[in-house]
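My structure is below; once you've seen it, I'll send some questions.
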Number of protein chains: 2
Amino acid sequence: MSCMVMFKEKGLKLTPQRRLIVNAIHGTEAHLTAEEIIGYVQTRMPGVNKSTVYRTLQLLEEAGCVYKSELGDQSIYHHAEEGHHHHLVCSRCGRTVDCAEDVFLPIERAVRDKYGFQAGFKHMVMSGLCKECRGKAG
Amino acid sequence: MSCMVMFKEKGLKLTPQRRLIVNAIHGTEAHLTAEEIIGYVQTRMPGVNKSTVYRTLQLLEEAGCVYKSELGDQSIYHHAEEGHHHHLVCSRCGRTVDCAEDVFLPIERAVRDKYGFQAGFKHMVMSGLCKECRGKAG
DNA sequence: ATAGTTATTGCACCTGGTTGCAATTATAAG
DNA sequence: CTTATAATTGCAACCAGGTGCAATAACTAT
């Protein structure tokens, strides 16, 4: 896994704690919250400090191995290899739907042409009402 | 100001603390951070607790009097009457450019058609490189 | 296998923001 | 103007996340 190699390549050390954290993210298809990753690590190796986890996640993010998306209060982490997409989060039921990457192309073009601004859209999180919840009263 | 009236209409009380908080937001064109609002209030009325400010901001937001945008770590507040727009924040120099509201219409349509998802885009914050910083080395 | 270098860990503390609760205060009614 | 009552305040404690630092552990060269 390139995540493990990345540490070595950057002159960083591959500790048991870091191995666990990488495993947590690679071992699931889901998008994990920091809390879930801390839980995963601590059940397998009690005593690991949360700051260790946060620091490692930041390293992985900076190296491009892991992506972090923010929706209001919580951040979710997912590994970079599984392809990029955006996230539609229903504000009523909380369910998340993956969304094709290219829906942001028109905006990317628009803000570049209008404002000369080069926006980067990766793993954007959009909130709203999902198909099921649109029908219900509200 | 409808913000002041709003409290009464909802059976809420119009305290000096709340008056100050509303003044802070109405008295400026800028987008204020929570910290700035707390500072504004506390210089005029020392002793006001931050939780009072946060609770009032939440009330104003729920009532639609105030909008809150989140960019990564910080939240900015602005009153709802000044018209809606999005924010382009340069990740290099930190400068913010206002962006027309309608750039999100294509996405709104796309996710509705493709996923049946009704997304709401208000005061979105997009990060990237502004016109000036695009030229510089990176 | 050993010693030396240097990154990493856990700790304790800090930050912005949130919450439960007893004391206070704005408001409505008399 | 007084009283009643319910909303609000300030407090203190809490939460997720982040930081400086001394002790520790991973890697490197021998």
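Chain letters run A, B, ... following the sequence lines, proteins first and then strands; every chain starts at 1.
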> Do Glu108(A) and Arg112(A) have side-chain heavy atoms sitting under 4.5 Å apart?
Replying inline: no
>> Tell me whether the count of non-hydrogen atoms from other residues, nucleotides or ligands lying under 6.0 Å of CZ in Arg44(A) goes above 12.
In response: yes
>> By nearest heavy atom, map Arg19(A) and Lys68(A) onto DNA chain D; which one lands nearer the 5' end?
In response: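 Mapping each residue to its closest nucleotide by heavy atoms, the 5'-most match is Lys68(A).
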>> Test your reading of the model: is there a side-chain donor-acceptor pair from Tyr115(B) to the backbone of Ala100(A), 3.5 Å cut-off?
In response: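 The answer is yes, because a donor-acceptor pair under 3.5 Å joins these two groups.
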>> According to side-chain hydrogen bond (donor to acceptor under 3.5 Å, both in side chains), who are the partners of Asn23(B), at least two apart in sequence or on a separate chain?
In response: none
> Is the side chain of Arg18(A) donor-acceptor paired with the backbone N or O of Lys13(A) at a distance under 3.5 Å, no angle test?
Replying inline: yes
> Rounding to a whole Å, what distance do you find between Leu59(A):CG and dG18(D):P?
Replying inline: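 After rounding, the gap between these two atoms is 12 Å.
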> Between Ala24(B) and Tyr40(B), which heavy-atom pair has the shortest distance, and what is it?
Replying inline: CB-CD2, 3.3 Å
> How many Å lie between CD on Glu9(B) and C1' on dA26(C), as a whole number?
Replying inline: 18 Å
> When the distance from CD of Glu35(B) to P of dT18(C) is rounded to whole Å, what number comes out?
Replying inline: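 Going from Glu35(B) (CD) to dT18(C) (P), I get 14 Å.
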>> Restricting to non-hydrogen atoms, name the atom on Leu59(A) and the atom on Phe7(A) that form the minimum distance, rounded to 0.1 Å.
In response: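 Closest pair (atom of Leu59(A), atom of Phe7(A), distance): CD1-CE2, 4.4 Å.
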>> Tell me the interatomic distance from Gln42(B), atom CD, to dC11(D), atom P, rounded to whole angstroms.
In response: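 Answer to the nearest Å: 10 Å.
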> With a non-hydrogen cut-off below 4.0 angstrom, is Lys50(B) in contact with a base, only sugar-phosphate, or nothing?
Replying inline: base
Could you go through nucleotides 5-7 of chain C and list every protein N or O atom that sits under 3.5 Å from one of its N or O atoms, giving the distance for each pair?
residue	atom	partner	partner atom	Å
dT6(C)	O2	Lys13(A)	NZ	2.5
dA7(C)	O4'	Lys13(A)	NZ	3.4

> Within this structure, what is the CD-to-C1' distance between Glu70(A) and dA16(D), rounded to whole angstrom?
Replying inline: 13 Å
> In terms of the nearest nucleotide of DNA chain C, which residue is placed more toward the 5' end: Thr56(A) or Thr15(B)?
Replying inline: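 The residue closer to the strand's 5' end, by nearest nucleotide, is Thr56(A).
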>> Keeping Arg19(B) on the side-chain end and Leu14(B) on the backbone end, is there a donor-acceptor pair under 3.5 Å?
In response: yes
> In whole Å, what is the span from the CD atom of Glu62(A) to the C1' atom of dG18(D)?
Replying inline: 13 Å
Heteroatom pairs (N/O) under 3.5 angstrom, protein to nucleotides 10-12 of chain C:
residue	atom	partner	partner atom	Å
dG10(C)	OP1	Gln17(A)	NE2	3.4
dG10(C)	OP2	Asn49(A)	N	3.1
dG10(C)	OP2	Thr52(A)	OG1	2.8
dG10(C)	N7	Arg55(A)	NH2	3.0
dG10(C)	O6	Arg55(A)	NH1	3.4
dG10(C)	O6	Arg55(A)	NH2	3.1
dC11(C)	N4	Ser51(A)	OG	3.3

> Any chain of hydrophobic side-chain contacts (each under 4.5 Å) joining Tyr67(B) to Phe104(B)?
Replying inline: no
Side-chain donor-acceptor contacts of residues 120-128 of chain A below 3.5 Å, not counting sequence neighbours, with atom names and distances?
residue	atom	partner	partner atom	Å
Lys122(A)	NZ	Glu101(A)	OE2	3.4
His123(A)	ND1	His78(A)	ND1	3.3
His123(A)	ND1	His78(A)	NE2	3.4
His123(A)	ND1	His85(A)	O	3.3
His123(A)	ND1	His87(A)	NE2	3.2
His123(A)	NE2	His84(A)	ND1	3.2

>> Tell me if the centroids of the rings in Tyr77(A) and His31(A) come within less than 6.0 Å of each other.
In response: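 No, the ring of Tyr77(A) stays outside the 6.0 Å limit from the ring of His31(A), centre to centre.
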> In terms of the nearest nucleotide of DNA chain C, which residue is placed more toward the 5' end: Lys8(B) or Tyr77(B)?
Replying inline: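 Nearest nucleotide further toward 5': that of Tyr77(B).
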> Given atom OH of Tyr54(A) and atom C1' of dT15(C), what is their separation to the nearest angstrom?
Replying inline: 13 Å
> Got a sec, which residues hit side chain to side chain contact (heavy atoms under 4.5 Å, CB included) with Gln17(A), two or more places apart in sequence or on another chain?
Replying inline: Thr15(A), Met45(A), Val48(A), Thr52(A)
>> In whole Å, I'd like the distance from the CD atom of Gln58(B) to the C1' atom of dA7(D).
In response: 15 Å
>> If the helix axis at each end comes from five base pairs, how far does the helix from dA1(C)-dT30(D) to dG30(C)-dC1(D) deviate from straight, to 10°?
In response: 20°
